[in-house]
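Heads up, the thing below is written out as structure tokens.
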Amino acid sequence: MSNLIYYNGQFKEKGEVYIDPEDRGYLFADGVYEVIVAEEGGLFKLEEHFARLERSALGLDILLDDYKGLQEAAVKLLEGSGYPKAKLYIQVTRGTETRNHAYSDGLKPNVLMMVSRLAGNPAEYFQKGVKVITVPDERWSRCHIKAISLLPNVLAKTKAKREGAFEAIQIRDGFVTDGSSSNVFLVEDEIVITPPATNYILNGITRVVVLELAAKLGYLTREESISPDRLFAADQVFLTGTTTEVMPVCAIDGKKIGSGQPGRITMELYNAYRELLTRQ
Ligand SMILES: Cc1ncc(COP(=O)(O)O)c(C=O)c1O
């Protein structure tokens, strides 16, 4: 296994990578990122992740020229890693300059990519479902940008972990937005429902795949606002995300959801998703 890291056009050993203390990513969390998984089929939804990376960067006025070249370097990095199941992290920060809130035009972004082994979630989580909690959404109003400034998400996920829960579902102005690192779905009368892709959620690549799979499997899908009461009363609730996959939720804030077991439609979607991920 090789532990090479890509940094600004070069492949290096981790210990050889020098991050400048004046990198705006380090000082201001001024940057964007992506996480992509790979199993037998290679990097899953590579194009979609890179398209979102570019959209996120443009949304913050971070200008990077060569996304195609970067994508090729990502494939090379993955192939060199030798991991059968891997997770690729890509980060683009605005660049390096003397600390000042206002940034200069024409800064050269710093690009980091690293691969790690993908452990995956325990099989038991998918068999029994996971417990989650709800928390107030304390993020900014441009959540559609996958920015590295993740403090509210970090605090929410840690609260969940400390309470023995898998994830924290965020609530803004009386409606469900995202998990701290996942999207939220419910099933009501066999209809698959998720909040609309506004600026208040990150439009997950997995979210889009699952909406497509649900339609292919013959289920009606809807993107509409979901109140916490509606979530608690749902027949099934599940989370989606690159590393979360399709995760059944059995309880929210200690209240049982549906039968308290992973729902049939949730597991159909889980199986369809796994098939796609390993087959492509
Ligand atoms: C806030 C948030 N919502 C949703 C997701 C799921 O997105 P994806 O399916 O692209 O991994 C993530 C992923 O990290 C996230 O951070």
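Positions are given from 1, in the same order as the sequence printed here. Both counts, for ligands and for their atoms, begin at 1 and track the order of listing.
- Judged by the 6.0 Å and 45° rule, K12 forms no cation-pi pair with Y18.
- Nearest protein heavy-atom contact of atom 16 (O) of ligand 1 is S181 CA, 3.4 Å.
- The ligand atoms of ligand 1 that sit less than 4.0 angstrom from a heavy atom of R139 are 1 (C).
- Here F126 and F238 keep their ring centres 6.0 angstrom or further from each other.
- When only non-hydrogen protein atoms are considered, atom 7 (O) of ligand 1 lies nearest to G204 CA, 3.3 Å.
- The number of heavy atoms from other shown groups lying within 6.0 Å of NZ (K157) is above 12.
- Contact annotation for E48 and ligand 1: no heavy atom of the residue comes within less than 4.0 Å of the ligand.
- Relative ring orientation between Y67 and F50 is described as perpendicular, the plane-to-plane angle rising above 60° on a 0-90° scale split at 30° and 60°.
- In this structure, Q127 and M267 have side chains that are not in contact, with every pair of non-hydrogen atoms separated by 4.5 Å or more.
- Near S180, meaning under 4.0 Å from any of its heavy atoms, are these atoms of ligand 1: 1 (C), 16 (O).
- Set against the non-hydrogen atoms of G179, the atoms of ligand 1 under 4.0 Å away are 1 (C).
- Taking 4.0 Å as the cut-off, E34 does not count as a neighbour of ligand 1 on heavy-atom distance.
- For the pair R117 and Y83, the cation-pi criterion (under 6.0 Å, within 45° of the ring axis) is not fulfilled.
- For the atom pair CZ (R207) and OG1 (T242), the distance works out to 13.5 Å, reported to the nearest 0.5 Å.
- Less than 4.0 angstrom separates some heavy atom of G241 from each of these atoms of ligand 1: 6 (C), 9 (O), 11 (O).
- Counting heavy atoms under 4.0 Å from ligand 1, residue T242 touches it through both backbone and side chain.
- Put simply, OG on S81 and CD1 on I5 are 12.0 Å apart, with the number rounded to the nearest 0.5 Å.
- A salt bridge links R230 to E224: one of the charged nitrogens lies within less than 4.0 Å of a carboxylate oxygen.
- Among the atoms of K146, some N or O lies under 3.5 angstrom from an N or O of ligand 1.
- When only non-hydrogen protein atoms are considered, atom 6 (C) of ligand 1 lies nearest to N183 OD1, 3.7 Å.
- When hydrogens are left out, the protein atom nearest atom 9 (O) of ligand 1 is T206 OG1, 2.5 Å; that is the closest non-hydrogen contact.
- With a 4.0 Å cut-off on non-hydrogen atoms, S182 touches ligand 1 through its backbone and not its side chain.
- Not a single N or O atom of T240, backbone or side chain, sits closer than 3.5 Å to an N or O atom of ligand 1.
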